[in-house]
Amino acid sequence: MGQPEQHAEGAGPFTTRLTWQRAEGETVVWESRLARRRGVLSVRGPGEAAGRPSAAGPRALRRLRRLNAIASGAFVTGGALFAAGAAISQFGSGDPLLSASVYFAGGLFFNTGGYVSLLQVLNAPRHAPGGGALVTAGWRWWGYEPMRLDWLSTFVLFVGTLVFGVNLLDSFLRGLSVQQVNRLVWTPDMIGCVLFLVSGHLAFAEICHRSLPCLRSRSLGWWIVAVNQFGSLLFMVSALAAFTRPSTGSLLNTGIANWGTLTGAVCFSVGGVLQLFERP
């Protein structure tokens with residue numbers, strides 16, 4: 001019996017969906033996000049109108065559920081703490097040390113969510129040659145796979161959370177000049193926002209199987225990426241408004257900076273709640 005016919009789709013050099021047409025008429029479809037989040041392939045027999053899921057083994061599914069719950073909880077908590085820090089700055093005492101402490105705690109949860117998202121990619125079941133059942137390899141804490149779009153997206157996200165950590169640590173420094181504030185606090189904030197937006201764009205490419213974003217309103221994964229990307233955009237607006245004017249030593253717009261952070265953080269919390277349901 002010959003090898004099944006294979007059709008690949010994706011964005012640029014990245015493959016995000018594979019379709020195998022077997023000689024007996026069966027069609028098997030592997031999608032990157034569906035396999036790593038839910039641990040399933042889609043299999044459609046001859047004459048069947050819709051595909052049926054073919055799941056990985058129980059060990060793989062338990063692993064996926066556990067990682068998803070940790071990542072989801074981390075983003076929900078991190079977003080809530082960021083929103084609280086912004087609320088303290090906007091409505092509370094305005095104590096910079098208190099808000100910086102709350103932001104820093106939230107940043108640790110974002111670091112956790114970013115790293116666990118990367119672990120989800122590294123430890124997800126992989127497709128077998130010819131459209132066979134999903135295969136689960138041994139546990140890995142790290143791996144370098146830049147030609148996988150899901151790895152690249154989550155790696156950029158994780159690096160973005162680390163850069164935000166630099167911004168949050170530097171915000172504890174006192175007695176800085178305007179130039180030092182913009183270099184040590186504002187610049188890492190901007191870089192982190194750019195990395196978050198790049199990660200979101202790559203996540204859209206994974207779901208849409210093309211470089212340009214698409215609309216898939218019936219896809220839970222699409223909504224998770226869209227909500228998080230909107231939060232990243234609000235973070236960018238906040239960062240732009242938080243630039244310190246050299247002439248006056250004041251922010252461009254404190255209200256926009258606080259509200260942008262607060263609403264963007266709420267988006268990440270909502271995205272974390274939605275992610276809880278994108279599991280096996």
Side-chain angles (χ1 to χ4, degrees), residues 72-114 157-201 224-275:
S72 171
F75 284 123
V76 170
T77 307
L81 287 170
F82 258 62
I88 290 171
S89 296
Q90 184 68 21
F91 307 112
S93 62
D95 181 1
L97 181 60
L98 177 59
S99 59
S101 300
V102 175
Y103 278 136
F104 184 73
L108 294 178
F109 281 97
F110 272 114
N111 294 153
T112 302
L157 174 68
F158 178 50
V159 173
T161 67
L162 296 179
V163 175
F164 273 130
V166 174
N167 154 261
L168 297 171
L169 277 175
D170 288 347
S171 66
F172 284 101
L173 300 175
R174 295 292 172 260
L176 299 178
S177 66
V178 172
Q179 290 76 15
Q180 289 173 322
V181 168
N182 285 332
R183 184 175 72 251
L184 299 176
V185 179
W186 182 78
T187 299
D189 192 16
M190 285 294 298
I191 294 173
C193 290
V194 170
L195 291 174
F196 268 42
L197 287 169
V198 170
S199 173
H201 177 75
I224 293 169
V225 174
V227 169
N228 287 336
Q229 188 72 335
F230 187 55
S232 298
L233 182 61
L234 290 170
F235 276 176
M236 175 61 80
V237 171
S238 170
L240 290 170
F243 180 77
T244 303
R245 295 185 180 94
S247 58
T248 63
S250 60
L251 302 188
L252 285 180
N253 193 307
T254 303
I256 291 178
N258 288 333
W259 276 106
T261 299
L262 194 155
T263 52
V266 169
C267 286
F268 276 97
S269 282
V270 171
V273 172
L274 293 176
Q275 181 178 333

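It should be emphasised that the depicted structure is a prediction, and the values quoted were computed from it without experimental measurement.
Taken to the nearest 0.5 Å, the CG atom of N258 stands 10.5 Å off from the OG1 atom of T263. For the atom pair F243 CZ and S250 OG, the distance stands at 11.0 Å (nearest 0.5 Å). Residue L262 holds its CG atom at 7.0 Å from CZ of F91, rounded to the nearest 0.5 Å. If you take CG on L97 and CD1 on I88, they are separated by 10.5 Å, rounding to the nearest 0.5 Å. To the nearest 0.5 angstrom, Q180 atom CD is 12.0 Å from T187 atom OG1. Residue Q229 holds its CD atom at 10.5 Å from CG of L234, rounded to the nearest 0.5 Å.
Taking all atoms of both residues into account, the shortest heavy-atom contact from F75 to G113 is CZ-C, 3.4 Å. Residues C193 and A239 share a closest heavy-atom pair of SG-CB, 3.9 Å. Minimum heavy-atom separation, S199 to L157: OG-CB, 3.3 Å. The two atoms that bring V185 and P188 nearest to each other are O-CD, 3.5 Å, heavy atoms only. Scanning all heavy atoms of the two residues, the minimum distance from A100 to S171 falls at CB-OG, 3.9 Å. Across all non-hydrogen atoms, the minimal contact from C267 to G231 is CB-CA, 3.6 Å.
Formation of a donor-acceptor pair under 3.5 Å by the S269 side chain with backbone atoms of V266 is not found in this model. A donor-acceptor pair is defined here as one N or O able to donate and one able to accept, closer than 3.5 Å; such a pair exists between the side chain of N111 and the backbone of T161.
Residues I256 and V237 meet the side-chain proximity criterion, which asks for heavy atoms closer than 4.5 Å. Between F82 and L168, the closest side-chain pair of non-hydrogen atoms falls below 4.5 Å. When side chains are defined from C-beta on, M236 counts as touching V194, because their heavy atoms get closer than 4.5 Å. In this structure, V270 and V273 have side chains that are not in contact, with every pair of non-hydrogen atoms separated by 4.5 Å or more. Contact check for S232 versus F268: side-chain heavy atoms found under the 4.5 Å cut-off.
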- Task: Evaluate side chain to side chain contact (heavy atoms under 4.5 Å, CB included) for L81 paired with T77, printing each intermediate quantity in order.
- Result: CA-CA 6 Å; L81 287 170; T77 307; 4.1 Å; yes
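Within 6.0 Å of atom CZ in F109, 12 or fewer heavy atoms from other residues, nucleotides or ligands are found, so the atom counts as exposed in its surroundings. More than 12 heavy atoms of other residues, nucleotides or ligands lie within 6.0 Å of CH2 in W186, so this atom counts as buried by the packing criterion.
Using cut-offs of 30° and 60° on the angle between ring planes, the pair F196 and F235 is tilted.
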